[in-house]
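A short write-up of the structure that comes next.
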Amino acid sequence: MSEAAAEAARAERPAKSSAFHELEVHSVKHYTDTLFSFRVSRPETFRFRAGEFVMIGLEGEKKPILRAYSVASPTWDEELEFYSIKVPGGALTSRLKNIQPGDRVLMGKKPTGTLVTDALRPGRRLYLLSTGTGVAPFASLIREPDVYEYYDEVVLTHTCRTHAELAYSEELVERTKNDPLVGEEAAKQLVYFNSVTREEGARTGRVTDLIRSGALFEEIGGKPLDPEHDRVMICGSEAMLKELKEMCLERDFIEGSNAKPGDMVIEKAFVGEGV
């Protein structure tokens with residue numbers, strides 16, 4: 001094709017929306033038949049707070065197909081990581097699950113969300129309660145140096161259906177405790193508690209039941225949730241969000257926001273898969 005013809009062909013293509021970055025995929029890792037993560041290039045101008053989400057998508061026939069994804073990498077990372085479920089027949093993930101290094105994805109330019117430390121009042125212990133892919137925003141938070149300055153202890157819980165689905169968080173915690181930047185603090189202050197709901201294991205049960213029975217606190221050596229010194233972030237399945245919110249409100253926790261910090265925050269923009 002001549003240079004003139006190529007120029008004409010480019011002119012005929014619809015212009016991409018200025019609302020999106022077009023980013024190259026650097027790596028993809030499949031954890032199970034239903035879960036995978038991918039890393040993409042990071043625009044020099046892109047800034048976000050740990051715990052925020054952004055729109056991720058692919059070009060469609062008429063318009064981009066987009067879904068909300070938490071940024072799973074820390075704010076200082078040179079790449080951006082995302083953790084995803086593969087939804088059978090899903091408009092986006094049925095295609096996104098097949099991406100390979102070198103492919104390109106779309107990312108919105110405006111990160112937002114409530115799972116940020118700015119939305120919480122000062123406290124001594126931070127609980128990060130998650131199910132399924134709801135662990136993604138916490139993958140960012142536990143690798144932030146400021147989090148270990150704000151809190152004496154950071155408790156990450158992750159509940160999934162099977163042990164295989166815990167692989168992402170297990171790898172994440174091990175990597176964090178050996179990280180040159182936050183490893184020393186994480187080794188002392190980060191507590192990891194996981195459980196499964198559809199297999200037998202060392203810990204079996206929904207996180208809501210393990211909190212209600214006191215099993216979680218007994219194992220980590222803590223006391224029941226107390227708004228005087230505990231702060232809570234929640235991300236996961238719809239049922240889990242509803243139940244944990246009710247449990248916290250019953251204990252006099254006050255829900256916070258970016259405009260008015262409180263004792264607990266919940267990400268309402270999207271929910272993870274049920275467990």
Side-chain angles (χ1 to χ4, degrees), residues 16-17 20-44 46 48 50-61 63-109 111 113 115 130-144 156 158 160-179 181 194 235-237 267 269-273 275:
K16 295 186 184 298
S17 170
F20 303 100
H21 293 288
E22 186 178 5
L23 307 176
E24 181 180 352
V25 176
H26 289 181
S27 62
V28 182
K29 182 170 183 177
H30 295 267
Y31 290 87
T32 69
D33 291 340
T34 59
L35 296 167
F36 70 107
S37 66
F38 59 98
R39 295 178 68 84
V40 301
S41 56
R42 178 176 180 170
E44 291 183 2
F46 185 71
F48 67 97
E52 289 189 315
F53 69 87
V54 70
M55 302 306 292
I56 291 290
L58 297 170
E59 290 286 0
E61 291 185 6
K63 61 181 181 180
I65 303 170
L66 304 163
R67 297 291 184 271
Y69 275 80
S70 292
V71 183
S73 48
T75 59
W76 46 264
D77 203 327
E78 296 180 355
E79 295 181 342
L80 298 175
E81 179 179 299
F82 299 94
Y83 184 46
S84 178
I85 185 176
K86 307 172 188 177
V87 179
L92 177 61
T93 60
S94 61
R95 293 175 55 197
L96 193 64
K97 69 181 182 181
N98 296 318
I99 58 174
Q100 300 290 330
D103 290 344
R104 305 185 80 81
V105 300
L106 301 177
M107 184 185 77
K109 295 183 177 181
L115 297 178
S130 69
T131 61
T133 54
V135 73
F138 304 147
S140 177
L141 280 156
I142 66 171
R143 287 181 281 179
E144 287 296 326
L156 172 66
H158 190 208
C160 294
R161 299 180 182 94
T162 67
H163 289 92
E165 293 174 345
L166 293 172
Y168 179 82
S169 62
E170 291 175 340
E171 179 184 283
L172 165 70
V173 170
E174 181 178 359
R175 189 167 68 245
T176 300
K177 291 188 175 183
N178 289 285
D179 185 271
L181 184 61
N194 60 30
C235 192
S237 68
E267 188 51 77
F270 57 93
V271 296
E273 68 277 17
V275 292

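Everything numeric here is computed off the predicted structure, so don't read it as measured data.
The minimum heavy-atom distance linking Trp76 with Asp179 is given by the pair CH2-OD2, 3.7 Å. Closest heavy-atom contact between Val28 and Ile99: CG2-O, 3.6 Å. Considering all non-hydrogen atoms of both residues, His158 and Leu166 come closest at O-CD2, 3.5 Å. The minimum heavy-atom distance between Cys235 and Gly134, with the atom names listed, is CB-O, 3.4 Å. Nearest heavy atoms, Thr131 versus Gly236: OG1-CA, 3.1 Å. The two residues Leu58 and Leu106 have their closest heavy-atom pair at C-CD1, 4.1 Å.
Interatomic distance, Glu144 CD to Leu181 CG, rounded to the nearest 0.5 Å: 8.5 Å. Distance check: Glu44 CD to Glu78 CD gives 10.5 Å after rounding to the nearest 0.5 Å. To the nearest 0.5 Å, atom CE of residue Met107 and atom OG of residue Ser41 are 8.5 Å apart. In this structure, Leu172 CG and Ile142 CD1 are separated by 4.0 Å, a value rounded to the nearest 0.5 Å. The structure places CG of Leu141 at 9.5 Å from OG1 of Thr75, a figure rounded to the nearest 0.5 Å. Once rounded to the nearest 0.5 Å, the distance linking CZ of Phe46 with CG of Leu80 reads 6.0 Å.
Between Ile56 and Phe38 the shortest side-chain heavy-atom distance falls below 4.5 Å. Using a 4.5 Å heavy-atom threshold, the side chains of Met55 and Pro64 count as separate. With a 4.5 Å cut-off on side-chain heavy atoms, Ser169 and Phe138 do not count as touching. In this structure, the side chains of Val54 and Phe82 come closer than 4.5 Å at one or more pairs of heavy atoms. Pro137 places none of its side-chain heavy atoms less than 4.5 Å from the side chain of Phe53.
Formation of a donor-acceptor pair under 3.5 Å by the Ser70 side chain with backbone atoms of Ala136 is not found in this model. A donor-acceptor pair is defined here as one N or O able to donate and one able to accept, closer than 3.5 Å; no such pair exists between the side chain of Thr133 and the backbone of Ile85. Although no hydrogens or angles enter the test, the distance criterion places no donor-acceptor pair under 3.5 Å between the side chain of His26 and the main chain of Pro101.
Applying the salt bridge (Lys or Arg N to Asp or Glu O under 4.0 Å) test to Arg42 and every residue at least two apart in sequence or in another chain returns nothing.
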Quiz item: Between Val105 and Tyr69, does a side-chain contact (heavy atoms from CB on, under 4.5 Å) hold up when you go through it step by step?
Solution: CA-CA 13 Å; Val105 300; Tyr69 275 80; over 6 Å; no

Quiz prompt | Worked verdict on Asn98 versus Asp103 for side-chain contact (heavy atoms from CB on, under 4.5 Å) | solution = CA-CA 10 Å; Asn98 296 318; Asp103 290 344; over 6 Å; no

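A donor-acceptor contact closer than 3.5 angstrom is absent between the side chains of Glu79 and Ser73.
Around CD of Glu170, the count of heavy atoms belonging to other residues, nucleotides or ligands within 6.0 Å exceeds 12.
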Can I get a per-line list of side-chain donor-acceptor pairs under 3.5 Å for residues 86-95, giving both atom names and the distance, sequence neighbours left out?
from	atom 1	to	atom 2	distance (Å)
Lys86	NZ	His30	ND1	2.8
Lys86	NZ	Thr32	O	3.4
Thr93	OG1	Val87	N	2.9
Thr93	OG1	Val87	O	3.4
Ser94	OG	Gly90	O	2.4
Arg95	NH1	Glu59	O	2.9
Arg95	NH2	Glu59	O	3.1

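Taking the six-membered ring where the residue is Trp, Tyr83 and Tyr168 present parallel rings, their angle staying beneath 30° rather than reaching 60°.
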